[in-house]
Amino acid sequence: MSGEGPVFTLDAAKRRLSCDPHQRAFLQNPHALYARLHAEAPIVFWEEYGLWCVAGHDAVNRIFRDKRLGREPRDAPTGARTHLADFDAFERCSMLQLEPPAHTKLRTLVNRAFVSRQVERLRPSIEAYCNELIDTLPSGPFDLLPTYATPIPIRVIADLLGVPAEMGPQLVSWSNRMVAMYMHGRTEAVERDANDATRDFVAFMRLYVSERRRAPREDLLSALIVAHQEGQRLSEDELISSAILLLNAGHEATVHQTGNAVRLILAQHGDPRRFFATSDASAATVEECLRLAPPLHMFTRIAYERIELAPGVILEPGQETGLLLAAANTDPAAFANPLGFDPTRADQKNVSFGAGIHFCVGAPLARLELQIALQTLFMRVPTLQLVEESHFRDAYHFHGLERLLLSAHS
């Protein structure tokens, strides 16, 4: 979190911020801006996004839980979006974009099948796969992201859903192209590509849903097909959107969090095994990595009524606010030594998985994957070291590294 500081203009009195989110210096060190926001303007209008953005931990946590704000647009998308017909149809059934009562039904069904016994039963297979990947690491320098960080979550979520693991690269491609819709400054070409990816992904999943209806198996997709809630089944569109959301969320954030965490742990120097000596230590280390180097820096909420975020800061119905998760995680009003790496801290309360009814349904699985992946990697290869300085890619929302080139030589 050191290096050249970003260029930005902050008028604290007017609560106005101008900062290009594609600026390389900002991407490498957003905490320089966050520190200024905490000190001078914890709620600020970010001109490049056209949003009121919230940096304070307590305020972010409160907004997450405020039912006057949500994720589901109450009005149809404005402008000509015929080129996004497939993507918009997917989002209309996505649990991430819905509010009660539709969200409640989907969340309950997915939560039952996804969180309970389904997660812990995956531990042996995750451990085995992590060890298998480590056994095949190159003897020379290697990029951790494609060789280790990416294969683990995509294999896990594919196994969980009952999708062939060999489809992994294609699933990653579809997911990356769809996720580009959430980036700042996207072009029509990006939108069309995301729509094409959505169409192909939906078609692929429709085939598998049809197959599972004929021959159910012990997997999440089969469980979702037969799940009931108050006599209601998931419609096919809801089922497919839920499966795709789990596949996308199940790998995108975890890949970046794995890379960010390895980079952060190596920056502490010394023997990394000290952070993973016990299962409790591993869990605490993962939480501190989630706090200090999260993969998601901004999440938005839509106002459903007129809301005063702060004295003189009004959201009208339909307006969005940006919640700066990484800023909230380093708020000096909420955390002692906020930029210090301390897995033993007593004030761990990161908001990296959100809060309220939209708290990440996959959080238990993500935590399990991270604990196993990091503990296995550092216990087996404690001599890991950076071969070159790593840099964050041009994607502010999904904050991840361009590559992480490592060597296992002592």
Side-chain angles (χ1 to χ4, degrees), residues 1-2 119-120 122-156 250-295 329 337 339-345 348 350 352-353 363-392 399-410:
M1 281 173 280
S2 59
V119 170
E120 188 57 35
L122 294 171
R123 180 183 291 274
S125 62
I126 298 173
E127 290 176 342
Y129 190 49
C130 289
N131 278 292
E132 178 186 327
L133 289 172
I134 292 171
D135 287 339
T136 59
L137 288 178
S139 57
F142 61 93
D143 184 352
L144 186 83
L145 300 184
T147 58
Y148 191 73
T150 298
I152 295 169
I154 199 64
R155 165 73 76 89
V156 170
H251 101 272
E252 185 78 22
T254 308
V255 169
H256 299 319
Q257 182 63 73
T258 302
N260 295 355
V262 169
R263 178 181 187 263
L264 181 60
I265 290 166
L266 290 177
Q268 309 312 309
H269 305 296
D271 190 339
R273 290 175 293 188
R274 69 190 188 276
F275 299 121
F276 302 96
T278 66
S279 58
D280 286 346
S282 296
T285 297
V286 165
E287 290 307 302
E288 184 68 343
C289 291
L290 284 163
R291 184 189 71 84
L292 204 48
N329 284 345
N337 187 20
L339 294 180
F341 181 78
D342 180 11
T344 66
R345 66 172 57 248
Q348 182 61 262
N350 72 75
S352 296
F353 287 118
L365 178 58
R367 284 180 162 126
L368 182 68
E369 288 179 45
L370 289 163
Q371 290 165 18
I372 295 172
L374 294 173
Q375 182 182 49
T376 305
L377 179 67
F378 283 114
M379 295 303 283
R380 287 200 54 190
V381 197
T383 57
L384 280 177
Q385 56 186 290
L386 287 172
V387 171
E388 64 179 18
E389 184 179 358
S390 53
H391 299 282
F392 289 98
H399 202 61
L401 298 166
E402 293 172 345
R403 65 177 188 169
L404 187 59
L405 203 60
L406 302 176
S407 169
H409 296 302
S410 57

Fill in the blank from the handout: side-chain contact (heavy atoms from CB on, under 4.5 Å) filter on E287, not counting sequence neighbours, yields L290, Q348, N350, R367
Problem - Those residues that, when tested against D342, pass side chain to side chain donor-acceptor pair (under 3.5 Å) (two or more places apart) - result: T344
Handout entry: Residues forming a side-chain contact (heavy atoms from CB on, under 4.5 Å) with E388, sequence neighbours excluded
Key = R403, L405
Fill in the blank from the handout: On a heavy-atom basis, the closest approach of V381 and A408 is CG1-CB, 3.5 Å
Problem - Atom pair CG/OH of L122 and Y129 - distance to nearest 0.5 Å - result: 14.0 Å
Exercise for the section: Taking R123 for its side chain and I372 for its backbone only, find out whether a donor-acceptor pair lies under 3.5 Å. Expected result: no
Handout entry: Residues that R274 engages under side-chain contact (heavy atoms from CB on, under 4.5 Å), provided they are two or more places apart
Key = Q268
Exercise for the section: Could you note down all residue pairs passing salt bridge (Lys or Arg N to Asp or Glu O under 4.0 Å) where residues 369-380 supplies at least one of them, sequence neighbours left out? Expected result: D135-R380
Completion exercise
Those residues at least two apart in sequence (or on a different chain) that pass ring pair (Phe, Tyr, Trp, His ring centres under 6.0 Å) with F392 are H399
Exercise for the section: Just jot down the salt bridge (Lys or Arg N to Asp or Glu O under 4.0 Å) partners of D280, sequence neighbours excluded, or say none. Expected result: none
Exercise for the section: Identify, with sequence neighbours excluded, every residue that meets side chain to side chain donor-acceptor pair (under 3.5 Å) alongside T376. Expected result: none
Exercise for the section: Calculate, to the nearest 0.5 Å, the distance between atoms CD and CD belonging to Q375 and E127 respectively. Expected result: 8.0 Å
Exercise for the section: Indicate yes or no for a side-chain donor-acceptor contact from R345 to the backbone of E288 under 3.5 Å, with no hydrogens or angles considered. Expected result: no
Practice task
Look up atom CG in L386 and atom CG in L144, then write down how far apart they are to the nearest 0.5 Å.
Solution key: 10.0 Å
Handout entry: Check: P141 main-chain N/O paired with S407 side-chain donor or acceptor under 3.5 Å
Key = no
Fill in the blank from the handout: Minimal heavy-atom distance between S390 and R263, with the atoms involved, is OG-NE, 2.7 Å
Problem - Nearest-0.5 Å distance that lies between atom CG in L368 and atom CD1 in I126 - result: 4.5 Å
Problem - Residues in side chain to side chain donor-acceptor pair (under 3.5 Å) contact with E252, at least two apart in sequence or another chain - result: H256
Exercise for the section: Would you check if L137 and L133 make a side-chain contact, meaning some heavy-atom pair closer than 4.5 Å? Expected result: no
Exercise for the section: Taking the side chain as every heavy atom from C-beta outward, state whether V262 and L406 have any pair of such atoms under 4.5 Å apart. Expected result: yes
Problem - pair C289-Q257: side-chain heavy atoms closer than 4.5 Å - result: yes
Handout entry: Nearest non-hydrogen partners of A366 and T254, listed with the distance
Key = CB-OG1, 4.1 Å
Completion exercise
For E132, the side chain to side chain donor-acceptor pair (under 3.5 Å) test, sequence neighbours excluded, returns none
Exercise for the section: Scan for ring-ring contact (aromatic ring centres under 6.0 Å, His included) pairs involving residues 271-294, sequence neighbours excluded, and state none if there are none. Expected result: F275-F341, F276-F378
Extract all donor-acceptor atom pairs below 3.5 Å that involve side chains of residues 147-156 and protein atoms in other chains or at least two apart in sequence.
residue, atom, partner, partner atom, Å
T147, OG1, D143, O, 2.7
Y148, OH, A373, O, 2.8
T150, OG1, L145, O, 2.9

Problem - Side-chain heavy atoms of L292 within contact of N329, under 4.5 Å - result: no
Exercise for the section: Could you grab the distance from atom CG of L384 to atom CD1 of I265, nearest 0.5 Å is fine? Expected result: 10.5 Å
